[in-house]
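A, B, ... follow the sequence lines: proteins, then strands. Residue 1 opens every chain.
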Protein chains: 2
Amino acid sequence: MYSSELIKGTLKTIILKLLTENEKMYGYELTQKVKDMTGGKIQLTEGALYPTLHALQNQGILTTEVVNVGNRLRKYYAITPSGREIASEKVNEFTDFIATMITLLDLKPNLG
Amino acid sequence: MYSSELIKGTLKTIILKLLTENEKMYGYELTQKVKDMTGGKIQLTEGALYPTLHALQNQGILTTEVVNVGNRLRKYYAITPSGREIASEKVNEFTDFIATMITLLDLKPNLG
DNA sequence: CATAAATACATAAGTAAATTATGCATTAGT
DNA sequence: ACTAATGCATAATTTACTTATGTATTTATG
């Protein structure tokens, strides 16, 4: 786990990017996907995730579909066309930010 | 300029890294150095910078030396040995974080 | 030569985006 | 039977900023 400040500001970008790749996902699924993909280094907290999902929905960036699985409900989120644009902008901005930070801090990241 | 959330959490890392490379720097100099090196994409605000410098000094990570230049004062900051360790950790953590985010978001950063 | 911009410090009030804590309910594992 | 995992949600608190304000000197500009 990284010191919490670092991850700040990346939550929306992560959510939107994963939803551009996955058609639809539910909250808990997002937490597990991120945990798996980062080897546990990034763990989305529910207190941050759910309010953010609600906000993105209210802004028309995501739509929802509630599905009953057995007796338990799942709230699937899907990205809208306008959401895709925002996702793309967010990812581009983050990419640019990384390049800037690499220059500024003189980093040598080992890219797989 | 990046959306402000992104830069959050990087301020200490930036300050410490620059001070490992520069022997001593004063606050305003830090703002200009970062502005120059990032083509204006990152601009440290005084309201964030000075309190952070004071905190780092109180923690024994930085030491200060006040110098009079003409009639104006400059407060130079220098990093201590223990500060260097922390700087190194911060930079390593950030490097790791970038690598993780590149994987997670499937980024292709163009490195100079 | 007056005025604005740059240099140089500092602090206080307000805000955004998290964390932490708590709650409810179902299902799977031991 | 009890605990951990699945799955949602919200409220209180904290953190790390931004914005605003203040003081003072030096340099550039019309």
Any donor-acceptor pair under 3.5 Å from [X] side chain to [Y] backbone:
X        : Y        : value
Asp96(B) : Asn92(B) : no
Glu85(B) : Ser82(B) : no
Thr80(A) : Ile61(A) : yes

For Gly47(B), answer base if it contacts any base atom (sugar-phosphate contacts may also be present), sugar-phosphate if it contacts only those atoms, and nothing otherwise; contact means non-hydrogen atoms under 4.0 Å.
base
Using a 4.0 Å heavy-atom cut-off, does Glu29(A) contact any base of the nucleic acid, only the sugar-phosphate backbone, or nothing at all?
nothing
Between atom [atom1] in [X] and atom [atom2] in [N], what is the gap in whole Å?
X        : N       : atom1 : atom2 : answer
Leu49(A) : dA9(D)  : CG    : C1'   : 11 Å
Ile7(A)  : dT14(D) : CD1   : C1'   : 16 Å
Glu65(A) : dG7(D)  : CD    : P     : 15 Å
Leu11(B) : dA16(C) : CG    : C1'   : 17 Å
Asn71(A) : dC24(C) : CG    : P     : 19 Å
Ile15(B) : dA16(D) : CD1   : P     : 12 Å
Leu73(A) : dC24(C) : CG    : P     : 16 Å
Leu44(B) : dA8(C)  : CG    : P     : 15 Å

Choose from [options] the nucleotide whose nearest atom is closest to any side-chain atom of [X].
X        : options                  : result
Lys8(B)  : dC9(C), dC17(D), dA9(D)  : dC17(D)
Tyr50(B) : dC9(C), dT26(C), dG7(D)  : dC9(C)
Thr45(A) : dT10(D), dG7(D), dT20(C) : dT20(C)
Tyr26(A) : dA9(D), dC9(C), dG7(D)   : dG7(D)

Could you check Arg72(A) against Ala48(A) and say which one's nearest nucleotide on DNA chain D is further toward the 5' end?
Arg72(A)
Think His54(A) has a side-chain N or O under 4.0 angstrom from the OP1 or OP2 of dC8(D)?
no
Is the terminal nitrogen or CZ of Lys24(B) (NZ for Lys, CZ for Arg) located under 6.0 angstrom from the six-membered ring centre of Tyr76(B) and within 45° of that ring's axis?
yes
Starting from the 5' end of DNA chain C, give me the residue, Val69(B) or Val69(A), whose nearest nucleotide shows up first.
Val69(B)
Start with the C-alpha gap between Lys17(A) and Glu21(A), add the side-chain angles, then the distance that decides, and say whether salt bridge (Lys or Arg N to Asp or Glu O under 4.0 Å) holds.
CA-CA 7 Å; Lys17(A) 173 68 177 177; Glu21(A) 289 168 347; 3.4 Å; yes
